[in-house]
Number of protein chains: 2
Amino acid sequence: MQPTVTAALTRALFEEWAARGYAAISLERVAKTAGVGKAALYRRWSSKLAMVSECSEQLGIELATIPDTGTLEGDVRKLLGGLRRLLRHPIVSRILPDLHAEMPRNPELAQAIRGRLQTERRRRAATIVERGIARGELDERVDPELVNDILGGVIYWRMIVTGGQADSRYLDRLTRFVVAGIREQVSRE
Amino acid sequence: MQPTVTAALTRALFEEWAARGYAAISLERVAKTAGVGKAALYRRWSSKLAMVSECSEQLGIELATIPDTGTLEGDVRKLLGGLRRLLRHPIVSRILPDLHAEMPRNPELAQAIRGRLQTERRRRAATIVERGIARGELDERVDPELVNDILGGVIYWRMIVTGGQADSRYLDRLTRFVVAGIREQVSRE
DNA sequence: ACCGGACGAAACGCAAGCGTTCCGACGCTC
DNA sequence: GAGCGTCGGAACGCTTGCGTTTCGTCCGGT
């Protein structure tokens with residue numbers, strides 16, 4: 001098993017996925033793109049689902065932990081900046097919506113993804129909220145789940161769904177929006 | 001051209017779309033589901049793309065205008081409630097993410113969708129903001145675009161991407177969050 | 001120098017689905 | 001009641017892609 005061949009196949013899979021969409025992935029084209037025979041592919045994975053499931057797990061790994069900037073607003077801005085960088089990636093930006101569309105139809109895939117990407121994301125939102133509480137910036141009743149939805153949802157919607165861009169000015173406004181919302185969420189309850 | 005046949009084909013297309021995903025739509029199955037010969041289908045649409053493009057335009061029509069509740073908070077809550085009802089629809093909730101994944105790969109489809117759904121959505125967000133300004137609840141510098149992203153993005157993310165549910169309590173908190181954010185957005189600029 | 005495993009390439013049988021064509025049946029209009 | 005258009009159903013040739021198999025080759029270990 002040559003590792004270079006495995007790497008070439010994995011990279012080719014993501015290219016094919018981004019270009020054609022999940023359902024239209026052809027392992028024939030993947031092998032050809034990788035400059036590899038089909039036999040080498042089937043020696044590693046038994047089917048399309050097996051290959052996709054295993055390779056998908058590499059998607060969310062690069063998400064670094066959020067550095068502590070000292071303020072809630074700084075942390076939020078930093079997180080949004082990281083998300084923007086991720087969603088700008090030409091491969092990721094095409095694969096993510098495809099993945100989300102496929103998950104309800106493919107329980108095995110859904111389990112692999114939810115177990116990895118989303119747990120990680122939730123953890124990061126929780127970290128930010130906890131820091132805010134520890135600093136005294138936030139009431140302890142703030143719901144990390146809602147904060148997580150807002151941090152992820154708005155920028156995902158903006159960049160992926162509507163195809164709009166998110167410049168620094170946009171991120172700044174969004175940051176202020178989110179911070180104000182987090183504070184207000186509890187102060188009136 | 002029997003209208004009942006056209007209706008049966010259209011309905012069958014959406015069922016097939018929701019069940020299999022855009023790329024895996026089979027017009028053979030669509031015709032069979034509709035209880036119709038393939039000839040009847042191809043007498044109406046020249047290809048899969050033609051059928052999907054035309055039928056897609058029926059998706060966003062039902063979006064009613066937002067009733068004026070008298071307060072910004074009431075309007076926002078009403079809009080979110082309507083979105084929740086839409087996103088709970090079993091067919092819509094499956095087709096929408098599939099559509100968003102397919103749009104970057106299919107310019108013709110993208111144009112049809114962006115021209116209909118998104119323009120309509122933007123208009124509704126703008127209406128709410130304008131009412132808020134007219135009532136004196138909002139500063140006139142509020143950016144309707146950002147408001148639109150937040151209204152649509154968070155609940156879409158919550159219900160479609162993460163597969164979570166949005167109960168009334170969640171919508172109430174989200175409403176407070178959004179209203180607070182809208183106000184704060186400008187007051188500090 | 002030899003031997004075995006992984007390699008690229010090509011062909012296999014099979015299934016699905018495209019868009020087309022032909023058929024006989026049914027219903028409406030004149 | 002004769003004629004025309006649409007209907008459902010079936011088959012057509014064609015392409016794509018699956019997963020398998022068979023080659024001959026190349027490279028690394030002993």
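Values in this document were obtained by computation on a predicted structure and should not be read as measured data. Convention: sequence-line order gives letters A, B, ...; per-chain numbering from 1.
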To the nearest angstrom, how far is Lys32(A) atom NZ from dG17(D) atom P? 10 Å
At what distance, to the nearest 0.5 angstrom, does OG1 of Thr119(B) lie from CZ of Arg122(B)? 6.0 Å
Looking at Arg43(A), I'd like to know whether one of its side-chain N or O atoms comes within less than 4.0 Å of OP1 or OP2 on dA6(C). no
Nearest 0.5 angstrom please: Glu130(A) CD to Arg123(A) CZ, how far? 9.5 Å
To the nearest Å, give me how far apart CD (Gln2(B)) and P (dC28(C)) are. 9 Å
Side chains of Arg44(B) and Thr6(B): any donor to acceptor distance under 3.5 Å? yes
Hey, is Arg131(A) close enough to Glu137(A) for a salt bridge, meaning N to O under 4.0 Å? no
Val129(A) and side-chain contact (heavy atoms from CB on, under 4.5 Å): which partner among Leu72(A), Val142(A), Asp75(A)? Val142(A)
Salt-bridge test for Asp149(A) and Arg173(B): reply yes if a basic N is under 4.0 Å from a carboxylate O, no otherwise. no
If the sugar-phosphate is the primed atoms plus P, OP1 and OP2 and the base is the rest, what is the B/S/- string for nucleotides 14-23 of chain C, using protein heavy atoms under 4.0 Å? ---BBBBB--
Salt bridge present between Arg158(A) and Glu145(B) (N-O < 4.0 angstrom): yes
Interface polar pairs with nucleotides 27-30 of chain D, N/O, under 3.5 angstrom:
none

Angle class for the Tyr156(A)/Tyr156(B) ring planes (parallel below 30°, perpendicular above 60°, tilted otherwise)? parallel
